[in-house]
Amino acid sequence: MKFSEMLIPTLREVPSDAEVISHQLMLRSGMIRKLAAGIYSYLPLGLRVIQKVEKIIREEMNAAGAQEVLLPIVMPKELWIESKRWEVYGKELLRFKDRHEREFCFGPTHEEAITDLVRNEVRSYRQLPQSLYQIQTKFRDEIRPRFGLMRGREFIMKDCYSFERDEDAAIKTYWRMYEAYRKIFTRCGLTFVPVQAGTGEIGGTLSHEFHVLAKSGEDEVFVTEAGDLGYSVDKVPADKKDPKTGSPLKSYRGIEVGQVFHLGTKYSEAFHAVYLDPEGKEKLIVMGCYGIGVGRTAAAAIEQNHDDKGILWPLAIAPFPVTVIPLGGPETPMFQAAAEITDALQKAGVEVLLDDRPDTAGVKLNDADLLGIPWRVVVGKKGIEKGEVEVKERKGGAVTPVARASVVEQVLAKVRPA
RNA sequence: CGGGGCGUAGCUCAGCCUGGUAGAGCACCUGGUUUGGGACCAGGGGGUCGUAGGUUCAAAUCCUAUCGCCCCGACCA
């Protein structure tokens, strides 16, 4: 891809309405733009990151045995009356009427829709278990949207719902999803901690939140010495000590990027979602639900991976793994070499951003720092005269001169580790 | 919803107190010179000062209302 042909409107200055670093950097790097409070457009670079995160989520959810579906965003009032949440949910539930004065809401979550689907389609124990997930736009009319993608009103969420024959099977699935979540956030390059949490409005009995630890986090979490488990404010032991080791728990700020719930039969009771067991007896389906904030995961990655010059994307979710920067105009040997290197990498299946803009070296290098693409190939005049180009990792900073002839091979080794 | 703040060019902001022909830097367009860390010269385009009403000879500036946005608090992926 050529920088000059993509819509990447980078900003030199920090927009005045952005407070947290991820919001600032997403705006400055041309990933997102705000349309209204808590409502954002994703530009090409931002969408690329979102899609990388989604790809990881899909792979791990599929590996955990879940199937992808897509439910409606708009749902009728009646469904929400059945679960009693039309009254309970409050003003975050955005409600409206259609031309026939029938009442609807925008989905803030989809237990109702999925349970309705499953109760209509599942009759027999032979059809269970089922785990169904979707990646979809949600709308929650938050009292105070803030921090860019971190707390939008409209946001992309992966939500998964599991349906099991009994409690034991549901608990097993719960832990399988828990492990899938660990893999997802690990693959996204995040440092995170699973946190024992209360179940809040969605209801249920067992729950973990996955928190990315960052100073800007909205939640306080209490983490064990080993850092392998935490407790939310409403679940932390009174003495604030690790129940296993007795050592004190440390307080951190966390960004909740995912949560897993064991729901039990709350929704299957409300919706009479039942199946017939081998004896022909009617039984309630046992449910779980599992959410990941996709945009928030991307924002959290920035909160955790940035420096004073810009983003330091983890390789797995970077908009591009590598950028090639010729320091010279279109007629120069630098530009020629850069184009050839780009071409060779692309033929090898690597996504490359070629900075073909006519701007000065300073502009290109500063923008490259801002965008945070993990690997950078700089083709400079002195280097090219010696038959060399430079390979630099955004995070490390060390510049490695590499022979022109072997640069493709070397970049490939960095960008797709076996 | 309670408390605080802000709406002036694409972005960052000055001007408002003390009313008198709308500004700067960056960005953008044209031509030229430039290319290792946000270049230079010359020319140029762009704003009914959030909106509506009021006061006044005269309003970005004073008054009233309204809308939007940001921050702090209660709610949440």
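No experiment lies behind these values; they were computed from the predicted model shown. Lettering follows sequence order; numbering is per chain, from 1.
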J.: Can you say whether a donor on the side chain of A/Arg151 sits under 3.5 Å from an acceptor on the base of B/C76, or the other way round?
T.: yes
J.: CD1 of A/Ile8 versus P of B/G10: gap in Å, rounded?
T.: 22 Å
J.: Centres of the A/Tyr290 and A/Tyr161 rings: under 6.0 Å?
T.: no
J.: If the C1' atom of B/A60 is compared with that of B/C71, how far apart are they to the nearest Å?
T.: 25 Å
J.: Which nucleotide, if any, forms a Watson-Crick or G-U wobble pair with B/A60, using both distances under 3.5 Å?
T.: none
J.: At under 4.0 Å between heavy atoms, which parts of nucleotides 68-74 of chain B does protein reach? Answer with one letter per nucleotide, 5' to 3': B base, S sugar-phosphate only, - none.
T.: -SSBBBB
J.: If the P atom of B/A58 is compared with that of B/G54, how far apart are they to the nearest Å?
T.: 12 Å
J.: Please report the interatomic distance CD(A/Glu164) to OG(A/Ser268), rounded to the nearest 0.5 Å.
T.: 11.5 Å
J.: Between A/Val294 and A/Val14, who's closer to the 5' end of RNA chain B by nearest nucleotide?
T.: A/Val14
J.: Send over the distance from A/Glu256 CD to B/C75 P, rounded to a whole Å.
T.: 13 Å
J.: Both distances under 3.5 Å, Watson-Crick or G-U wobble: report the partner of B/A42, or none.
T.: B/U30
J.: Please give the nucleotide sitting opposite B/G68 as a Watson-Crick or G-U wobble pair, both distances under 3.5 Å, or none.
T.: B/C6
J.: Measure from NZ or CZ of A/Arg119 to the centre of the six-membered ring of A/Phe271, then state whether that distance is under 6.0 Å and the direction lies within 45° of the axis.
T.: no
J.: Sort and list the pairs that fulfil side-chain hydrogen bond (donor to acceptor under 3.5 Å, both in side chains) and have at least one residue in residues 326-340 of chain A, not counting sequence neighbours.
T.: A/Glu340-A/Arg404
J.: Within the side chain of A/Arg140, is there an N or O that forms a donor-acceptor pair under 3.5 Å with the backbone of A/Pro108?
T.: yes
J.: How would you list, by chain and number, every residue that makes a side chain to side chain contact (heavy atoms under 4.5 Å, CB included) with A/Ala316, sequence neighbours excluded?
T.: A/Ile56
J.: Treating primed atoms plus P, OP1 and OP2 as sugar-phosphate and everything else as base, which nucleotides of nucleotides 31-40 of chain B get B, S or - for protein heavy atoms under 4.0 Å?
T.: ----BBBBB-
J.: Roughly how many Å apart are B/G50 and B/A22, using the P atom of each and rounding to a whole number?
T.: 14 Å
J.: Assert yes or no for the condition that the ring centre distance of A/His208 to A/Trp175 is strictly below 6.0 Å.
T.: yes
J.: Provide the full list of ring-ring contact (aromatic ring centres under 6.0 Å, His included) pairs with a residue in residues 44-80 of chain A, sequence neighbours left out, each pair given once.
T.: A/Trp80-A/Tyr89
J.: Holding to ring-ring contact (aromatic ring centres under 6.0 Å, His included), I want the full list of residues that pass it with A/His23, two or more places apart in sequence or in another chain.
T.: A/Tyr40
J.: Report the distance from atom CD of A/Glu13 to atom C1' of B/A14, rounded to the nearest whole Å.
T.: 13 Å
J.: Rounded to whole Å, how long is the line connecting atom CG of A/Asp141 with atom C1' of B/C1?
T.: 13 Å
J.: I'd like the C1' distance from B/C16 over to B/G20, given in whole Å.
T.: 14 Å
J.: Say we look at B/U12 and B/G38: how far apart would their C1' atoms be, to the nearest angstrom?
T.: 15 Å
J.: Nearest whole angstrom, please: distance from the P of B/A77 to the OH of A/Tyr181.
T.: 11 Å
J.: Strictly by Watson-Crick or wobble contacts shorter than 3.5 Å, is anything paired with B/C1, and which nucleotide is it?
T.: B/G73
J.: What is the ring orientation for A/Phe210 with A/Phe192, classed by angle as parallel under 30°, tilted 30 to 60°, or perpendicular over 60°?
T.: tilted
J.: Using atom C1' in both nucleotides, what's the gap between B/C41 and B/G46 to the nearest angstrom?
T.: 22 Å
J.: Does B/G25 pair with anything, Watson-Crick or G-U wobble, both distances under 3.5 Å, and if so, with which nucleotide?
T.: B/C11
J.: If pairing requires Watson-Crick or G-U wobble contacts with both distances under 3.5 Å, which nucleotide is the partner of B/U35?
T.: none
J.: Rounded to whole angstrom, note down the C1' distance from B/C11 over to B/G47.
T.: 14 Å
J.: Could you check A/Tyr231 against A/Phe222 for ring pair (Phe, Tyr, Trp, His ring centres under 6.0 Å), going step by step and ending with a plain yes or no?
T.: CA-CA 5 Å; A/Tyr231 298 86; A/Phe222 299 89; 8.6 Å; no
J.: For B/U61 versus B/G15, give the span between their P atoms, rounded off to a whole number of Å.
T.: 15 Å
